[in-house]
Structure formats: structure tokens, C-alpha cells
Amino acid sequence: MSSLQFGNTMIPYEERRSRRIKRISIRVTPEKVRVSAPARTSKAEIQAFIDKNRDWIIQNWTKLQETVVEPSLRLYETGVRIPYLGKELVLHIFDTPSKMLSALYHRENETLEIKMPQDIPEDKRQEAIREILEKWYKEKARAVFQQKLNLWSQEIGVSYHQFRLKEQKTRWGSCSSLGNINLNWRAIMAPEPVLDYLIIHELSHLKYMNHSQEFWDMVSHYCPEQIAYRKWLRTKGPTLII
């Protein structure tokens, strides 16, 4: 099965041709998009039909994904490994008399220390840990993404207007016609080369607001392994949860 890519939204895609089919049609399910077409329909005709229905496909795919059951959430306790820039940090959870819930990253031994107020009830601990982890991930994402945006925008020779963190289920990033860059904070869990690809992809849209051959040539120039990183996001991206 191949895939459709609309920006950084990757959708599993299946094509079906048959002499019994009289016209091109599209069906969107929670698992994939399937295009059915008459046997002699050309690739160009199918692609034109997909492009014409692009907004409808994205709208329905997004709506269906919101009804899909999320992967099982992690159980957080000391010793659990969590992803950060493609590495695995070892979690250390400590009870403290303090009322503050905090997270501290130790780069030298790749650990993340979480201090938990000891009076938090047992049935609320996992929720509290996820809240502090999300806050920590977002803080790191904002700093790392900003640094990489500045670096790659200078390298590519483009200027963006604003940068915002987003949380979306089916998109890793987007670039508006006003030059605003949106990036999904969960991408901070991915390996750095994947994150670089994501940023190069969105910055390249400042020159090409489409997915033309010129656009992909530009992305490939700055990120020769972009096909592998797109595949990584498609296959591993759903695991980037807290």
C-alpha cells in the first residue's frame, strides 16, 4: 500500500481499477483512502481527481481519525524510558514534601527527573506526571524548533513570519500563505534528522506553496534522505504519545 501526502499529513492509499467500474470515486475510511477507477484510467487522471478533492479528503480523514481509539498510554514509573530527539531518557520519579511538580533533564546521563508532591493521591499520579511531561516537552520543543527554524531559514534563504506550537493528530506541520510556520510539539520525540526534514519541508513551502516537482527537488537538496524520514513519520509517528 502506498500513501498520499498533503503537507505533512500522510494517509495510507490504495488504488483499484476494474472494467466493471464506470467512473472514478474516492472512499475514505479510518485506515486508508481508496480510489476506484475504470480499468483504462491513467495515473494523471486519478491524480487530478485526487487533487480536485484534496480538501474533502483531508476533512473526512481528520474527522475519522478523531474517532479512532488512541494507542495505549504509557505507564510512568522510575526506570521507564521516554523518547526525546530520538534518544531514550530514563525516568526517575521522586516524592517530595514540596507542593511543586517539576521536571529536570540531566544531559550527562540522559535522565529526566520528576519531583512529585507526596500528597498527590495514587489515582492522580499518572495524570500529574503526564501533565508535567507535556509541559516539559513543549518547553523543549519551542526552544529546539526555534533554533532549527532560524538555522535552516538562513541556510535555505527564506524568511518566515511567525512560529507556533500545535497539537494535531494527523499533521506534523504546516506553512500558511502569510509565512506562518506551525509545528506539532510531539515531533520533539523524533530523531533530530527527522525533525530537520520536517522543518526543511515547511520552510520550502515559503518558495513553493504546493507539492510540485520543484518543491520536492528543493526539499531533497537540503535533505537527501527525505523519503526515509517521511516513511519514519508515517510508521513511527503514531507512537509519539505521552
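In what follows, residues are counted from 1 in the order of the sequence shown.
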K.L.:
Using atom types as modelled and distance alone, determine if a side-chain donor or acceptor of Thr62 lies under 3.5 Å from a backbone N or O of Gln59.
P.N.:
no
K.L.:
Are any non-hydrogen side-chain atoms of Ser102 and Phe94 less than 4.5 angstrom apart?
P.N.:
no
K.L.:
Calculate, to the nearest 0.5 Å, the distance between atoms CD1 and CD belonging to Ile24 and Glu45 respectively.
P.N.:
6.0 Å
K.L.:
If you look at every heavy atom in Val90 and Gly79, which pair is closest and at what distance?
P.N.:
CG1-CA, 4.0 Å
K.L.:
Are side-chain heavy atoms of Tyr76 and Ile114 found at a separation under 4.5 Å?
P.N.:
no
K.L.:
Say you draw a straight line from NZ of Lys43 to CD1 of Ile50; how long is it, rounded to the nearest 0.5 Å?
P.N.:
8.0 Å
K.L.:
Taking all atoms of both residues into account, what is the closest heavy-atom pair of Cys175 and Leu206, and its distance?
P.N.:
SG-CD2, 3.5 Å
K.L.:
Once you round to the nearest 0.5 Å, how far does CD1 of Ile46 lie from CD of Glu15?
P.N.:
3.5 Å
K.L.:
Identify the heavy atoms of Leu75 and Val80 that sit nearest to each other, and give their distance.
P.N.:
O-CG2, 3.4 Å
K.L.:
Between Lys115 and Leu104, is any pair of side-chain heavy atoms under 4.5 Å apart?
P.N.:
no
K.L.:
Please check: side-chain N/O of Asn184 versus main-chain N/O of Arg171, any donor-acceptor pairing under 3.5 Å?
P.N.:
yes
K.L.:
Hey, mind stepping through Glu113 and Tyr105 against side-chain hydrogen bond (donor to acceptor under 3.5 Å, both in side chains) and telling me if it holds?
P.N.:
CA-CA 6 Å; Glu113 179 182 299; Tyr105 172 42; over 6 Å; no
K.L.:
Would you say the side chain of Arg125 lies within less than 4.5 Å of the side chain of Glu122, judging by non-hydrogen atoms?
P.N.:
yes
K.L.:
When the ring centroid of Trp216 is compared with that of His201, is the distance short of 6.0 Å?
P.N.:
yes
K.L.:
What's the separation between atom CD in Glu225 and atom CH2 in Trp232, rounded to the nearest 0.5 Å?
P.N.:
15.5 Å
K.L.:
Could you label the plane-to-plane angle of the Trp152 and Tyr222 rings as parallel, tilted or perpendicular, counting under 30° as parallel and over 60° as perpendicular?
P.N.:
perpendicular
K.L.:
Locate the shortest heavy-atom distance separating Tyr197 from Leu233; write the atom from each residue and the value.
P.N.:
CE2-CD1, 4.0 Å
K.L.:
Scan side-chain atoms only and decide if Asn150 and Gln154 contain a donor-acceptor pair under the 3.5 Å cut-off.
P.N.:
no
K.L.:
Does Ser153 reach the main-chain N or O of Ser159 with its side chain, forming a donor-acceptor pair under 3.5 Å?
P.N.:
no
K.L.:
Does Glu192 come within less than 4.0 Å of Lys148, counting only side-chain N to carboxylate O?
P.N.:
yes
K.L.:
I need the Arg16 CZ to Arg27 CZ distance, nearest 0.5 Å.
P.N.:
10.5 Å
K.L.:
Is there a side-chain contact between Tyr84 and Val144, using heavy atoms and a 4.5 Å cut-off?
P.N.:
yes
K.L.:
The test is salt bridge (Lys or Arg N to Asp or Glu O under 4.0 Å); show your working for Glu214 and Lys207 and say whether it passes.
P.N.:
CA-CA 10 Å; Glu214 291 84 358; Lys207 286 197 173 182; over 6 Å; no
K.L.:
Quick one, Gln118 and Thr96 - any side-chain contact, counting heavy atoms below 4.5 Å?
P.N.:
no
K.L.:
Please step through side-chain hydrogen bond (donor to acceptor under 3.5 Å, both in side chains) for the pair Arg142 and Gln146, ending with a clear verdict.
P.N.:
CA-CA 6 Å; Arg142 190 175 300 279; Gln146 187 72 72; over 6 Å; no
K.L.:
Take a 6.0 Å sphere around NZ of Lys52 and say whether it holds more than 12 heavy atoms from other residues, nucleotides or ligands.
P.N.:
no
K.L.:
Does the pair Arg130/Glu134 count as a salt bridge with the N-to-O cut at 4.0 Å?
P.N.:
no
K.L.:
Nearest 0.5 angstrom please: Leu195 CG to Phe145 CZ, how far?
P.N.:
5.0 Å
K.L.:
Decide yes or no on side chain to side chain contact (heavy atoms under 4.5 Å, CB included) for Leu240 and Lys236, but give the supporting numbers first.
P.N.:
CA-CA 7 Å; Leu240 303 183; Lys236 303 292 188 181; 5.8 Å; no
K.L.:
Test side chain to side chain contact (heavy atoms under 4.5 Å, CB included) on Ile242 and Met189 and set out the steps.
P.N.:
CA-CA 10 Å; Ile242 60 172; Met189 303 183 206; 3.5 Å; yes
K.L.:
Could you tell me if the side chain of Ile58 sits less than 4.5 Å from the side chain of Arg54, heavy atoms only?
P.N.:
yes
K.L.:
For the pair Phe215 and His205, evaluate side chain to side chain contact (heavy atoms under 4.5 Å, CB included) and give the outcome as yes or no after the intermediate values.
P.N.:
CA-CA 7 Å; Phe215 167 82; His205 277 309; 3.5 Å; yes
K.L.:
Is Met209 reachable from Tyr160 through a run of hydrophobic residues whose side-chain heavy atoms are each under 4.5 Å from the next?
P.N.:
no
K.L.:
Linking I/L/V/M/F/W/Y whenever any side-chain heavy atoms sit under 4.5 Å apart, do Leu203 and Leu151 land together?
P.N.:
yes
K.L.:
Going by heavy atoms in the side chains, are Arg186 and Glu167 under 4.5 Å from each other?
P.N.:
yes
K.L.:
Surrounding CD of Gln162 (heavy atoms of other residues, nucleotides or ligands, distance under 6.0 Å), is the total greater than 12?
P.N.:
yes
K.L.:
If you look at every heavy atom in Leu198 and Gly173, which pair is closest and at what distance?
P.N.:
CD1-N, 4.2 Å
K.L.:
Which atoms form the tightest heavy-atom contact between Trp56 and Asn60, and what is the distance?
P.N.:
O-ND2, 2.8 Å
K.L.:
Let's go through Arg34 and Thr29 carefully: what are the C-alpha distance in whole Å and the side-chain angles of both, what is the deciding distance for side chain to side chain contact (heavy atoms under 4.5 Å, CB included) to 0.1 Å, and is it a yes or a no?
P.N.:
CA-CA 8 Å; Arg34 186 171 76 180; Thr29 73; over 6 Å; no
